[in-house]
Amino acid sequence: MSVSATAPALKADDRPIDYASMRRRRRGFVLPLVLGGLLCVLVLVPIVLMFVGSIRTGTFVDPRAQFSLRSLTTVYTTLPFLTSLAVTVGASLLVSFIASLVGIALAWLLARTDMPAKGLMENAVIAPLYLSPFVGALAWLILASPNAGLLNVLARDLFGATGPILNVTTATGIILVMALYNVPYAYMTVSAALKGMDPSMEEASYLNGAGTLSTALKVTFPVVRPSIISAFFFVFVLTCGTFSIPAALGGTQAMPFLAVDIYRSVATYPINYARAAAIGTLLFWISLIGVAFYRYASRIATRFVTVTARGYRMRLVKLRGWQLPAMLLIVAYVTLAIILPYLALLYVAFTSFTSSSILDATFTLANIQSVVGSVAVRQSIGNTLLVGILAPTLCVLLGVIIAYSIRRLRIRGAGALDYIAMFPIAVPGIVFGTGIFWTYLMTPAYGTIWILVIAFVASYIPFAYRMVDTSIIQIDKSLEEASAVCGASHWRTAWQVTFKLIRPGILSAWILVFIFSVREISAAILLASPSNKVLSVMSWDYLEFGNVQNAAIIGLLQTLILVAGVIVSRYVLRIRLSQAT
């Protein structure tokens, strides 16, 4: 007997096959596989190939290269690199301690006291986050280098000083400058915990006769201790991978640093790419340990939930006579991190920079006209703007897709996707740059602007993803359910409801990645070529050739782009600066 062509296919037990369910199941596998594959290519492959590169005698394009443990053995066992390891870890711990101490003090003053103009003060404290640490280091080199530093020359002219009163090219100077530009990270972590803390325990302490200092030391800070530990290790990880400040102020002479060693391995003769990769693996392990402590402290912090369902009114500590010293502390920090450095940059940019006649200097526009008129500088400005637009756009788009897929579509393997998306937090920029170099060396992207875009997207996925993810979590699902009840399709609901509600988070993520992309130097300097140089690399090149004046002018141009981005975000897109952190 024949069977009609339109009859449903039957299984052995005569039940029809549900092809629609099979297609849905196949689609359920496609999205996680695509996202997982994309994240693996962006994030994991560069790290794996960096490890492979560390056991070769040359690059993948070198036909004579062979596999060898020589570079790894040299880096992991010889005294110069073990010294760099010890100095990197020790200096990073010290920077973390200083930055956390200052950040905690500033967070307590602005969250728990009657400090006036808190909004202005908070914006001033976090402002260094939106500026380039390398430009800040360059400015302090101009201010406090031992021979030609403006402050030392001024002290000699005014007070007859016979030697330098400040010297940032020493190990102490480098550590203090690094701590200066890491304070905002510690401040934001601790400040968020203090603002979300129920003050009832502090009230109980006051009612039992404890004073302000005793309450802070025995109640407030112990409750937010996990956040303090998180801030400490986050700054530690950032400092371990810092290239710009130790390279600009001391190179490898004043304080050997692993990140600087990576750059020197590929930028000075004899070039040794395998050694750079081997140093990158060593730095990777240190950062991974720091991130493990950071994540552990962050998980513990969730156990100390002190925000209650009832409303409360926070009791502010009255500073009284200490109000002026507290304000002076904040003003001193802002002066050291922003005001003095940029006054120095402006002075150098608009004068004939000499160390012998500061008070009698004549101002001119010739320096700026000469630099801006350079074809190479104009090209680097265009490259910076291009990367500054493409990288955050692609990064945020990917972050939105990943966050929505995990939180709303609940795709398979969501936990693995979340882990891979956050993995670059553990990878310093210069290490990622090393991995990107080994990954794309034999591709058309190498030496083009696209390799920088790829590197920045891979590096900053965690920031975009986490900010968008937080925004989605805060949306009540009942709003989306109401849209579905009214007949809207799943994707129409997503577009008309979900994405519109998370728009502030998306814009905040975009501006944050924009800032990081414009100021980035660690990865960019390893991937730079004559055709894809950005302003940060151009400024470094001028400094390497001893042209501090041109480096300062490039630093100011970079700052103008950053400030323009912050102004647009604040007054056009209506993004609060604290949201983008």
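Remember, it's a predicted structure, so these values are computed and weren't measured experimentally. Heads up: numbering here begins at 1 and tracks the sequence.
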| task | Would you please classify the geometry between the Phe423 ring and the Phe284 ring as parallel, tilted or perpendicular, with 30° and 60° separating the classes? | result |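 Answer is tilted, since the angle falls between 30° and 60°.
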
Solution key, residues 83-90 side-chain donor-acceptor pairs under 3.5 Å, sequence neighbours excluded:
from: Thr83; atom 1: OG1; to: Leu79; atom 2: O; distance (Å): 2.8
from: Ser84; atom 1: OG; to: Pro80; atom 2: O; distance (Å): 3.3
from: Ser84; atom 1: OG; to: Asp261; atom 2: OD2; distance (Å): 2.8
from: Thr88; atom 1: OG1; to: Ser84; atom 2: O; distance (Å): 2.7
from: Thr88; atom 1: OG1; to: Leu258; atom 2: N; distance (Å): 3.1

So, the side chain of [X] versus the backbone of [Y]: is there a donor-acceptor pair under 3.5 Å, distance only?
| X | Y | answer |
| --- | --- | --- |
| Asn547 | Leu543 | no |
| Ser54 | Phe51 | yes |
| Tyr294 | Ala231 | no |

Look up atom [atom1] in [X] and atom [atom2] in [Y], then write down how far apart they are to the nearest 0.5 Å.
| X | Y | atom1 | atom2 | result |
| --- | --- | --- | --- | --- |
| Met422 | Ile402 | CE | CD1 | 11.0 Å |
| Thr74 | Arg70 | OG1 | CZ | 7.5 Å |
| Ser145 | Leu150 | OG | CG | 7.5 Å |
| Ile338 | Tyr342 | CD1 | OH | 8.0 Å |
| Ser522 | Leu527 | OG | CG | 11.0 Å |
| Leu556 | Leu535 | CG | CG | 11.0 Å |

| request: Could you tell me which residues satisfy side-chain hydrogen bond (donor to acceptor under 3.5 Å, both in side chains) with Asn383, sequence neighbours excluded, listed by chain and number? | output: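 Asn383 satisfies side-chain hydrogen bond (donor to acceptor under 3.5 Å, both in side chains) with no other residue.
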
| task | Would you please name every residue forming a side-chain hydrogen bond (donor to acceptor under 3.5 Å, both in side chains) with Arg466, sequence neighbours left out? | result |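 Asp418, Asp469.
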
Using atom types as modelled, flag every donor-acceptor pair under 3.5 Å from a side chain in residues 233-249 to any protein atom, sequence neighbours excluded.
from: Thr239; atom 1: OG1; to: Val235; atom 2: O; distance (Å): 2.7
from: Thr242; atom 1: OG1; to: Leu238; atom 2: O; distance (Å): 2.9
from: Thr242; atom 1: OG1; to: Thr239; atom 2: O; distance (Å): 3.3

Contact between [X] and [Y] at the side-chain level, heavy atoms closer than 4.5 Å - yes or no?
| X | Y | value |
| --- | --- | --- |
| Ile430 | Leu283 | yes |
| Asn272 | Ser71 | yes |
| Leu138 | Ser539 | yes |
| Thr170 | Asn167 | yes |
| Phe463 | Pro424 | no |
| Ser536 | Gln558 | yes |
| Arg378 | Val375 | no |
| Ile174 | Val168 | no |

| task | Kindly indicate, with the supporting measurements, whether the criterion side-chain contact (heavy atoms from CB on, under 4.5 Å) is fulfilled by Val563 and Tyr130. | result | CA-CA 8 Å; Val563 170; Tyr130 305 103; over 6 Å; no

I want to know whether [X] and [Y] have ring centres closer than 6.0 Å.
| X | Y | answer |
| --- | --- | --- |
| Phe432 | Trp438 | no |
| Tyr263 | Trp540 | yes |
| Phe232 | Phe293 | no |

I need the minimum non-hydrogen distance between [X] and [Y], along with the two atoms involved.
| X | Y | result |
| --- | --- | --- |
| Thr439 | Pro46 | OG1-CA, 3.0 Å |
| Val457 | Cys395 | O-SG, 3.7 Å |
| Thr189 | Ser230 | CG2-CB, 4.4 Å |
| Pro128 | Pro184 | CB-CG, 4.1 Å |
| Thr77 | Leu82 | O-CD1, 3.6 Å |
| Ala278 | Val75 | CB-CG2, 3.7 Å |

| request: Could you list all the salt bridge (Lys or Arg N to Asp or Glu O under 4.0 Å) pairs where at least one residue sits in residues 542-566, not counting sequence neighbours? | output: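 Matches after skipping sequence neighbours: Arg264-Glu544.
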
| message | Side chains of Tyr76 and Thr281 only: does a donor on one sit below 3.5 Å from an acceptor on the other? | response |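 Thr281 and Tyr76 do have a side-chain donor-acceptor pair below 3.5 Å.
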
| field | Donor-acceptor pair between Gln549 and Tyr542 side chains, under 3.5 angstrom | value |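 Note: Gln549 and Tyr542 side chains miss the donor-acceptor criterion.
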
| said: Checking Ser370 against Asn367 for the side-chain hydrogen bond (donor to acceptor under 3.5 Å, both in side chains) test, could you report, in this order, the C-alpha distance in whole Å, the side-chain angles of both residues, the deciding distance, and whether it holds? | reply: CA-CA 5 Å; Ser370 175; Asn367 306 325; over 6 Å; no

Expected list for residues 511-519: side-chain donor-acceptor pairs under 3.5 angstrom, two or more places apart:
from: Ser517; atom 1: OG; to: Val513; atom 2: O; distance (Å): 2.8
from: Arg519; atom 1: NH1; to: Leu129; atom 2: O; distance (Å): 2.5
from: Arg519; atom 1: NH1; to: Leu131; atom 2: O; distance (Å): 3.1
from: Arg519; atom 1: NH2; to: Tyr185; atom 2: OH; distance (Å): 2.9

| CA sep, side-chain torsions, deciding dist, call: Leu143, Leu343, side-chain contact (heavy atoms from CB on, under 4.5 Å) | CA-CA 10 Å; Leu143 281 168; Leu343 285 177; over 6 Å; no

| query | Would Leu557 and Val377 satisfy side-chain contact (heavy atoms from CB on, under 4.5 Å), going step by step from the backbone distance to the final call? | reply | CA-CA 10 Å; Leu557 291 175; Val377 171; 4.2 Å; yes

| Verdict with supporting geometry, Asn532 and Ser529, side-chain contact (heavy atoms from CB on, under 4.5 Å) | CA-CA 5 Å; Asn532 72 353; Ser529 69; 3.1 Å; yes

| request: Please say whether more than 12 non-hydrogen atoms of neighbouring residues, nucleotides or ligands are located less than 6.0 Å from CZ in Phe60. | output: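 Check passes, neighbour count above 12.
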
| query | In this structure, which one of Leu441, Thr59, Thr434 forms a side-chain contact (heavy atoms from CB on, under 4.5 Å) with Tyr273? | reply |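 By the side-chain contact (heavy atoms from CB on, under 4.5 Å) criterion, Tyr273 pairs with just one of Leu441, Thr59, Thr434: Thr59.
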
